[in-house]
Amino acid sequence: MRDGILEGFEPKFKSISKDADRYFDALVACSESGSIRTDQVIALSGAGTLWITYQYIDNGFLDLVEADMIRTVTSRDFFGPLFENTRLILNRLLLVAEPDRVIKIYRAAIKHRLNALKSISATRKKAQKQPDRIRAEQWADTYIPALETMLQDYRALLVQIDKTDPELAEFDQMFQRLETAFRTSNG
């Protein structure tokens with residue numbers, strides 16, 4: 001290990017997720033051999049995946065980074081705030097003068113969450129049983145603040161890089177409609 005990264009590991013630069021899987025497997029092998037503790041594997045895996053993604057950025061594999069990030073922020077069950085590693089990767093993309101990619105990733109994340117909120121709103125309206133309605137409302141109570149923060153972060157990013165996004169007003173309007181619908185029904 002050197003600076004928390006496995007020495008000798010090299011990305012293949014074909015797929016971030018496959019390189020991250022290979023890295024995880026190498027960590028598990030180190031754990032099994034006793035060179036690292038089992039309880040360190042997850043944290044080291046996160047640090048390693050971040051390092052791998054930085055290697056892709058630094059070596060110019062930006063299309064692969066963008067695709068991986070969009071897949072990450074729009075994964076089927078992911079509706080919360082952006083993870084710290086995601087934010088670090090977005091900042092790294094900004095450092096290498098890739099603001100349009102960062103915008104595209106943010107927009108994908110926002111659209112994904114807005115669509116999920118719209119879907120859960122429809123589910124709540126159609127719910128025949130009180131427990132189903134309560135679950136939908138609890139889901140919204142959990143994820144509305146995350147989406148609100150993401151919209152604020154996106155707005156701040158646009159100011160920081162001196163860009164505009166004509167879709168931002170549409171995002172805001174959709175968010176306000178959905179939030180109001182949930183808030184008024186929750187009393």
Side-chain angles (χ1 to χ4, degrees), residues 15-17 19-20 42-43 45-125 135-186:
S15 164
I16 293 171
S17 62
D19 281 334
I42 298 300
S45 177
T49 300
L50 179 62
W51 175 81
I52 288 166
T53 306
Y54 282 178
Q55 298 307 303
Y56 274 72
I57 293 169
D58 295 347
N59 285 283
F61 294 96
L62 300 173
D63 289 342
L64 292 174
V65 173
E66 179 183 319
D68 185 72
M69 293 301 299
I70 288 174
R71 191 171 32 261
T72 297
V73 301
T74 61
S75 71
R76 186 175 51 134
D77 297 327
F78 181 49
F79 308 108
L82 297 178
F83 293 125
E84 182 63 23
N85 276 4
T86 301
R87 293 162 104 32
L88 292 170
I89 292 164
L90 293 175
N91 286 335
R92 184 73 160 244
L93 286 171
L94 287 175
L95 288 174
V96 297
E98 291 291 334
D100 291 340
R101 290 181 194 274
V102 175
I103 287 171
K104 191 173 179 182
I105 294 163
Y106 254 105
R107 289 174 69 173
I110 291 167
K111 286 178 184 179
H112 174 67
R113 285 152 182 80
L114 282 170
N115 287 337
L117 191 57
K118 188 175 179 181
S119 175
I120 204 73
S121 177
T123 299
R124 184 191 56 147
K125 285 178 186 173
R135 270 194 299 279
E137 290 170 357
Q138 288 171 335
W139 187 96
D141 285 343
T142 300
Y143 294 113
I144 283 175
L147 178 54
E148 185 172 31
T149 298
M150 187 177 295
L151 285 165
Q152 292 167 354
D153 291 347
Y154 183 54
R155 211 173 280 103
L157 168 74
L158 292 172
V159 169
Q160 174 191 344
I161 61 176
D162 197 27
K163 294 238 180 199
T164 60
D165 182 351
E167 252 187 302
L168 181 58
E170 183 182 325
F171 293 159
D172 284 335
Q173 288 172 355
M174 186 179 199
F175 174 76
Q176 291 302 323
R177 276 193 312 270
L178 291 166
E179 181 187 36
T180 298
F182 274 101
R183 298 294 180 229
T184 55
S185 70
N186 284 340

(request) Go through the steps for D19 and Y56 under the test side-chain hydrogen bond (donor to acceptor under 3.5 Å, both in side chains), then give the verdict. (result) CA-CA 10 Å; D19 281 334; Y56 274 72; 2.5 Å; yes
(request) Would you mind reporting whether R177 and M174 have side-chain heavy atoms less than 4.5 Å apart? (result) yes
(request) Write down the atom of P145, the atom of A140, and the distance for their closest heavy-atom approach. (result) CD-O, 4.1 Å
(message) In the structure I gave you, are the side-chain heavy atoms of L168 and R155 within less than 4.5 Å of one another anywhere?
(response) yes
(request) To the nearest 0.5 angstrom, please state how far the CZ atom of R113 sits from the CE atom of M150. (result) 3.5 Å
(message) Using every non-hydrogen atom in the two residues, find where T74 and A108 come nearest and quote the distance to one decimal.
(response) CG2-O, 3.5 Å
(request) Quick one: pull up OG in S45 and CD1 in I52 and give me the separation to the nearest 0.5 Å. (result) 8.0 Å
(message) For a quick test of reading the model, state the closest non-hydrogen atom pair linking N85 to G46 and the distance between them.
(response) ND2-O, 3.0 Å
(request) Report yes if the side chains of D153 and R87 come closer than 4.5 Å at any heavy-atom pair, otherwise no. (result) yes
(message) Side chains of L158 and T164, heavy atoms from C-beta outward: is any pair under 4.5 Å?
(response) no
(message) So, taking the atom named CG in L147 and the one named CG in L114, what distance separates them when rounded to the nearest 0.5 Å?
(response) 5.0 Å
(request) Kindly indicate whether the side chain of F175, heavy atoms from C-beta on, has any atom under 4.5 Å from the side chain of I110. (result) no
(message) How long is the straight-line distance from CZ of R101 back to CD1 of I70, given to the nearest 0.5 Å?
(response) 9.5 Å
(message) Testing the basics here: between P99 and K163, what is the closest heavy-atom pair and its distance to 0.1 Å?
(response) CG-CE, 4.4 Å
(request) Using a 4.5 Å cut-off on heavy atoms from C-beta on, say whether the side chain of L94 contacts that of L157. (result) yes
(message) As a quick check of understanding, evaluate side-chain contact (heavy atoms from CB on, under 4.5 Å) for R92 and D58, giving each step before the final call.
(response) CA-CA 9 Å; R92 184 73 160 244; D58 295 347; 2.7 Å; yes
(message) Does any part of the side chain of I89, heavy atoms only, come nearer than 4.5 Å to the side chain of I105, both counted from C-beta?
(response) no
(message) Checking Y154 against D165 for the side-chain hydrogen bond (donor to acceptor under 3.5 Å, both in side chains) test, could you report, in this order, the C-alpha distance in whole Å, the side-chain angles of both residues, the deciding distance, and whether it holds?
(response) CA-CA 10 Å; Y154 183 54; D165 182 351; 2.4 Å; yes
(request) Rounded to the nearest 0.5 Å, what's the gap from CD on Q55 to CD1 on I57? Could you check? (result) 9.5 Å
(request) Please check if the side chain of D68 supplies one atom and the backbone of L64 the other of a donor-acceptor pair under 3.5 Å. (result) no
(request) Supply the atom-to-atom distance Y54 OH to L95 CG, rounded to the nearest 0.5 angstrom. (result) 8.5 Å
(request) Please lay out, stage by stage, how F171 and L151 fare under the test side-chain contact (heavy atoms from CB on, under 4.5 Å). (result) CA-CA 8 Å; F171 293 159; L151 285 165; 3.9 Å; yes
